[in-house]
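Report on the structure given below.
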Amino acid sequence: MEQGSSNFIEDIIDKDIEAGCDKIVTRFPPEPNGYLHIGHAKSLCINFGMKSKYGGECNLRYDDTNPCKEDQEYVDSIKRDIAWLGFKWDRELYASDYFDRMYECAVGLIMKGLAYVCDYSADEIRATRGTLTAPGQNSPWRERTVSENLRLFDEMKRGLYADGEKVLRAKIDMASPNMNMRDPVIYRILHETHHRTGDKWVIYPMYDFAHPLEDAFEGITHSICTLEFEDHRPLYDWVKTNCGFGDFPKQIEFARLNITRTIMSKRFLKKLVDEGKVSGWSDPRMPTLSGMRERGYPPEAIRNFCAAVGVTKANSEVDVAYLEHFVRDHLNNTADRVMVVKDPIEMIIEDMEGGELCRVENNPNAETVTYRDVILGRRIYIDRADFAPVPPPKYKRLVPGGTVRLKGAYIVEYVSHECDDAGNVTRVVCRRIPDSKSGGANAGIKVKGVIQWVNADDCVDIELHEYDYLLLDGEGDFNDRLTPDSHRIFAGAKGEACLADAKPYDRFQFMRMGYFSAAGSYGEGDRSFNMITGLKDSYAK
RNA sequence: AGGGGUAUCGCCAAGCGGUAAGGCAUCAGACUUUGACUCUGAUAUGCGUAGGUUCGAAUCCUGCUACCCCUGCCA
């Protein structure tokens with residue numbers, strides 16, 4: 001593991017260690033109300049990174065304090081995605097496991113005179129909260145006695161009140177410039193069935209009350225979250241202190257990940273799923289971890305990307321090309337190459353009789369290079385883009401009168417070609433240059449271009465998926481932000497038959513066009529299946 | 001005079017008073033049985049802005065400006 005310069009969170013932890021904090025414990029606390037996406041990967045990498053850097057622990061904790069939005073399907077997916085990314089949590093926990101202890105803490109606050117039952121409706125609370133520039137007003141129930149609060153809170157718990165009839169509020173300061181401190185609601189009544197505790201509870205703690213307690217109960221030392229919670233830190237500390245905990249846990253905030261053209265709002269992603277715009281949370285076009293897995297992203301690439309992006313408090317938007325760089329980087333060293341012909345035209349090698357075995361490297365960049373045998377017959381297919389009757393400037397592949405190397409096989413020279421009525425090339429006839437195969441006497445002859453080919457008799461059809469992201473641009477309603485590209489994909493134009501030299505795989509995953517294509521004038525879109533394209537079984541079934 | 005944050009190359013990002021790392025992207029070459037990979041070289045007299053302190057400032061001080069977050073019984 002790389003351990004370059006440290007980030008600001010590590011600086012804080014280093015100081016805490018110097019001051020005597022001997023074991024670092026972090027946690028990844030998703031609410032199970034959706035699938036994890038690439039943005040969560042950053043948080044995962046940070047939290048689990050602390051575990052590996054400091055030899056501490058990192059817990060997986062489902063923050064399931066709102067029964068209205070949570071579901072078992074989500075906890076299953078979260079677990080699966082974290083494991084796929086390559087992280088191992090120390091303990092798997094649920095906020096709902098602490099409901100009893102949290103209730104006791106709330107009672108403790110009441111007894112200290114630091115919490116009260118308020119009969120205001122949600123609207124009334126909003127109306128008396130004040131504004132960003134004006135202080136709020138005290139609730140008329142703010143000075144209820146401890147015993148009355150205790151009785152009322154117990155009645156809330158026993159289900160004597162309807163949803164919204166009463167709440168428990170922390171008694172802090174209605175004039176605080178920090179809105180979060182204006183007597184925040186810490187318990188609300190919700191007659192909902194919880195996905196784990198069932199109907200045991202009808203009151204549920206709010207995030208601001210629950211989270212510091214969850215952290216404290218677990219012995220979390222550093223509670224790492226995103227920037228929008230900075231304003232909540234005073235409340236986090238208030239709860240922590242008044243419930244009897246010390247310096248730790250300590251909340252630290254970092255800037256969430258943004259990637260160009262990539263929507264990472266759960267709300268939007270859920271809408272896509274609910275409206276059937278995609279096949280589900282795992283649709284390969286989704287920026288969810290499971291969608292990326294379906295699409296063939298190596299988890300290592302995602303981890304390397306997160307490490308490279310760094311941890312700061314500056315709002316930023318990382319170019320999606322940076323993510324793609326790490327995908328190429330990883331695949332370049334690990335992926336087996338396969339020759340693929342996307343738009344086939346026939347090539348006849350007129351001086352060939354039967355088939356001849358050719359040895360092709362699976363991955364020239366592997367530590368130990370392996371080979372596969374491919375038969376070169378008299379009749380093969382090459383890609384339409386690899387022969388140009390009228391070559392554009394700087395064209396390096398086959399042209400009338402020219403030569404080209406068939407990857408892993410012979411150099412062939414042009415003899416003739418045929419076109420259909422529309423002028424499209426239908427067949428190219430060539431002749432081998434003798435002994436030009438690897439190891440042959442003429443193998444050293446220089447040719448400008450090397451092209452892929454598949455043997456006509458034993459190549460296989462494969463289904464090519466050229467998924468693109470869900471591309472989103474501009475402002476306005478989500479549906480207006482889908483680009484024409486996305487619509488095209490939504491229309492179902494995603495599969496295309498191709499021919500490959502390899503045996504049929506259960507499943508082919510193709511990275512975005514251009515990952516392994518040539519750069520430059522004949523790059524993307526033209527030679528996109530330039531040798532590497534297939535990612536076979538890049539994830540466990 | 002609401003509060004809390006952030007500002008270093010097109011995009012990330014180091015730097016923490018001693019004279020602007022690195023990566024991505026881009027451009028130019030070399031190499032190549034993937035126009036890939038790899039390799040070379042180029043790319044901020046400048047660190048939001050205006051002043052100040054200092055022998056010396058992206059780093060310290062002051063004033064501005066821009067952007068982000070906060071008025072859920074969501075997390």
Side-chain angles (χ1 to χ4, degrees), chain A residues 4-5 7 11 29-31 33 63-66 68-69 118 120-123 125-127 129-136 163-169 176-182 184-190 203-204 206-208 210-211 225-234 253 255 260 266 305 308-326 328-329 332-333 337 339 360-361 364-365 394-397 405-411 436-438 443-444 446-452 515-523 526-527 529-532:
Chain A
S5 60
N7 58 51
D11 290 344
E31 181 186 15
N33 67 346
D63 211 358
D64 56 351
T65 56
N66 185 349
C68 308
K69 300 203 281 183
C118 179
Y120 263 159
S121 68
D123 285 341
I125 287 183
R126 188 176 311 120
R129 183 155 31 221
T131 67
L132 295 178
T133 52
D163 289 7
E165 209 176 324
K166 284 180 165 45
V167 291
L168 184 69
R169 292 228 252 171
S176 172
N178 182 344
M179 301 297 284
N180 297 120
M181 301 298 269
R182 318 244 262 227
V185 172
I186 58 177
Y187 259 97
R188 78 285 215 184
I189 299 170
L190 249 26
I203 56 171
Y204 292 92
M206 297 286 289
Y207 168 87
D208 282 313
H211 209 85
C225 63
T226 43
L227 246 30
E228 65 268 28
F229 291 104
E230 276 181 316
D231 287 340
H232 295 246
R233 188 166 2 114
E253 312 84 10
T260 55
K266 263 188 199 172
F305 167 72
V309 157
V311 185
T312 67
K313 288 172 84 91
N315 285 119
S316 62
E317 186 177 49
V318 180
D319 194 324
V320 69
Y322 203 30
L323 205 210
E324 293 170 347
H325 159 75
F326 288 98
R328 283 195 298 272
D329 184 54
N332 184 43
N333 294 313
R337 277 68 162 167
M339 290 194 285
V360 185
E361 289 177 323
N365 293 336
K394 294 184 182 172
Y395 190 74
K396 291 170 73 169
R397 288 156 278 158
R405 165 143 243 143
L406 297 177
K407 173 83 186 165
Y410 292 92
I411 298 171
S436 59
K437 225 164 111 175
S438 183
K446 298 290 182 196
V447 285
K448 278 190 302 183
V450 180
I451 64 173
Q452 294 179 57
Y515 270 173
F516 290 95
S517 71
S521 35
Y522 298 101
D526 181 355
R527 305 207 68 199
F529 299 100
N530 198 352
M531 199 60 200
I532 310 177

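Sequence lines set the chain letters: A, B, ... in the order given, protein chains first and strands last, and positions in each chain run from 1.
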For A:N365, all residues meeting side-chain hydrogen bond (donor to acceptor under 3.5 Å, both in side chains), sequence neighbours excluded: A:N332
Which residues share a side-chain hydrogen bond (donor to acceptor under 3.5 Å, both in side chains) with A:D63, sequence neighbours left out: A:H211
Reading 5' to 3' through nucleotides 70-75 of chain B, protein heavy-atom contacts under 4.0 Å coded B for base, S for sugar-phosphate only, - for none: BBSBBB
Sugar-phosphate, base or nothing in reach of A:S436, heavy atoms under 4.0 Å: base
Rounded distance (Å) that lies between atom P of B:rG23 and atom CG of A:L323: 19 Å
With sequence neighbours excluded, residues passing ring pair (Phe, Tyr, Trp, His ring centres under 6.0 Å) with A:F229: A:Y207, A:H232
Partner set under salt bridge (charged side-chain N to carboxylate O under 4.0 Å, His left out) for A:K437, not counting sequence neighbours: A:E356
Nearest-Å distance once atom C1' is located in both B:rC31 and B:rA21: 28 Å
With sequence neighbours excluded, residues passing side-chain hydrogen bond (donor to acceptor under 3.5 Å, both in side chains) with A:T260: none
Glycosidic class, syn or anti, of B:rG10 using a 90° window around 0: anti
Closest-nucleotide 5' rank along RNA chain B - winner of A:F326 and A:A443: A:F326
Inter-nucleotide P distance (B:rC61, B:rU54), Å rounded: 16 Å
B:rA50 versus B:rA58 - spacing of their C1' atoms, nearest Å: 16 Å
Touch class at under 4.0 angstrom, heavy-atom based, for A:P364 against every strand present: base
Residue mapping more 5' on RNA chain B - nearest nucleotide basis, A:K437 or A:L227: A:L227
Partners passing salt bridge (charged side-chain N to carboxylate O under 4.0 Å, His left out) against A:E165 (at least two apart in sequence or in another chain): none
A:D11: salt bridge (charged side-chain N to carboxylate O under 4.0 Å, His left out) partners, not counting sequence neighbours: none
Canonical and wobble pairing (Watson-Crick, G-U, under 3.5 Å) of RNA chain B, dot-bracket with |: .(((((((.[[[..)..(...]]].(((((.......))))).....[[[[[..)....]]]]])))))).....
Distance, P atom - from B:rG23 to B:rC39, rounded to whole angstrom: 10 Å
Contact under 4.0 Å: A:R328 side-chain N or O vs B:rA25 OP1/OP2: yes
Rounded distance in Å - NZ (A:K407) to P (B:rU32): 14 Å
Sugar-phosphate, base or nothing in reach of A:K446, heavy atoms under 4.0 Å: sugar-phosphate
A:E228: side-chain hydrogen bond (donor to acceptor under 3.5 Å, both in side chains) partners, not counting sequence neighbours: A:T226, A:R256
By salt bridge (charged side-chain N to carboxylate O under 4.0 Å, His left out) - contacts of A:R233 (at least two apart): A:E253
Contact letters for nucleotides 6-12 of chain B, in which S counts primed atoms plus P, OP1 and OP2 and B counts the base, heavy atoms under 4.0 Å: S----SS
Distance in Å, A:R182 CZ paired with A:M179 CE, rounded so as to fall on 0.5 Å steps: 4.0 Å
